[in-house]
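So the structure is just underneath, and the comments pick up after that.
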Amino acid sequence: MARSNYVTEWWLQRISGMLIGAYVLLLIVLLLINGTPNAAQWQALFANGLFKAATLLALVATAYHGLVGALHVWPDYVKSRAVLAVLNAYTWLAAGAVVLWSVHILFGSK
Amino acid sequence: MANPDPATLAKARPRPVYRNIGFGELSNYRLPIPGIASIVHRVTGVALFVALLFLLGLLQMSLKSEAGFEAFRSMVWGNLFGKLVLIGLLFALIYHWIAGIRHILQDRNWWLDLTAARSTASAVFVISAVLTLLIVWRLW
């Protein structure tokens, strides 16, 4: 991989981490301020367009962050090429599934 | 330059091989606290990534209907196993987050000397545990 790709990946990994951190902080603060929500409050929160968009952004950032992190971690410990191929395939599939499922949950028909 | 004597070469100490350790070697390898902090950062990251699909399933269940929310609520709030899993994931999330911030600051050349690396690694564990307990205490 070219050096510029590594630098881009390094930045994207940190930016995605910060996006996830900001979203989790927002969610925790909302829960701490308002207490444990009931069904109506919880569903109203996720019906808000801005919160939906923030949730999708955080989930896409999580999928990317996890994909890059896992693809770097596996080869440091797993020496078998076959096991590594399975883990890499799982990682790509899981990251793709997270993005598609998130869109379905947040914007699909109920 | 003359070629080295083959007898000398045979006696020479083998060059050290630097490599990452395998899973089987983890139990007999004594890591310093910054090393443990780094490994736990990786382990929590993998655990969160693996758990993400399970958490999405819970989110979908909770948003589907009032009955779905109640099922989600009883899994999370009304069940000791569910609580323990979620507390573990909450700790993993907070730990991964704080250790990530420490890594970013170390990328900026902060806290790189041994004393600072050790104390900040310990601090990451303590702060994560305290924050997890505070959130759990407030929410449950």
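Since this is a predicted model, take the numbers as computed values, not measurements. Chain letters run A, B, ... following the sequence lines, proteins first and then strands; every chain starts at 1.
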What part of [X] gets within 4.5 angstrom of chain A, counting heavy atoms only: side chain, backbone, both, or neither?
X       : result
B/Leu52 : side chain
B/Leu56 : both
B/Ile94 : neither

Point to revise | Exam field: side chain B/Arg73 to backbone A/Pro37, donor-acceptor pair closer than 3.5 Å | key: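 Yes, B/Arg73 side chain to A/Pro37 backbone: donor-acceptor pair under 3.5 Å.
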Point to revise | Whether A/Gln43 side chain and B/Ser65 backbone form a donor-acceptor pair below 3.5 Å | key: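 A pair under 3.5 Å: yes.
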Practice item. Assess whether atom CZ of B/Arg118 is packed by more than 12 heavy atoms of other residues, nucleotides or ligands within 6.0 Å. Key: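 Atom CZ in B/Arg118 is not packed in, count stays at 12 or less.
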Point to revise | B/Trp110 atom CH2, over 12 foreign heavy atoms within 6.0 Å | key: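 No.
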Review point. Do A/Leu25 and B/Trp97 have side-chain heavy atoms sitting under 4.5 Å apart?
Key: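 SC-SC contact between A/Leu25 and B/Trp97 confirmed.
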Review point. Side-chain contact, heavy-atom cut-off 4.5 Å: B/Phe49 with A/His65?
Key: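 B/Phe49 does not reach A/His65 side chain to side chain.
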Check your understanding: With clusters built from Ile, Leu, Val, Met, Phe, Trp and Tyr whose side-chain heavy atoms come within less than 4.5 Å, directly or transitively, what are the remaining members of the cluster of A/Tyr64, listed by chain and number?
Key ->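 Taking Ile, Leu, Val, Met, Phe, Trp and Tyr as members, A/Tyr64 shares its hydrophobic cluster with A/Leu12, A/Val68.
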Non-hydrogen atoms of chain B under 4.5 Å away: do they reach the side chain of [X], the backbone, both or neither?
X       : result
A/Val98 : both
A/Leu31 : both
A/Ala47 : neither

Check your understanding: Mind checking whether A/Trp42 and B/Phe72 have parallel, tilted or perpendicular rings, split at 30° and 60°?
Key ->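 The arrangement is parallel - the two ring planes meet at less than 30°.
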Review point. Taking only residues two or more places apart in sequence, or in another chain, which ones meet B/Gln60 in a side-chain hydrogen bond (donor to acceptor under 3.5 Å, both in side chains)?
Key: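 Partners of B/Gln60 under the side-chain hydrogen bond (donor to acceptor under 3.5 Å, both in side chains) test: A/Trp101.
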**Study point:** Selection from A/Leu32, A/Leu59, A/Thr55, A/Ile20 maximising heavy-atom pairs under 4.5 Å formed with chain B
**Key:**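 With the most close heavy-atom pairs to chain B, the winner is A/Leu32.
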Point to revise | Neighbourhood of chain A inside residues 120-138 of chain B, taking heavy atoms under 4.5 Å as contact | key: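 B/Ile135, B/Arg138 fall under the 4.5 Å cut-off.
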Check your understanding: Does one hydrophobic cluster hold both A/Phe107 and A/Phe46, with members joined at side-chain heavy-atom distances below 4.5 Å?
Key ->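 Yes; A/Phe46 is reachable from A/Phe107 via cluster members.
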Exercise for review: Check ring pair (Phe, Tyr, Trp, His ring centres under 6.0 Å) between B/His103 and all other residues, then give those that pass, not counting sequence neighbours.
Suggested key: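 B/His41.
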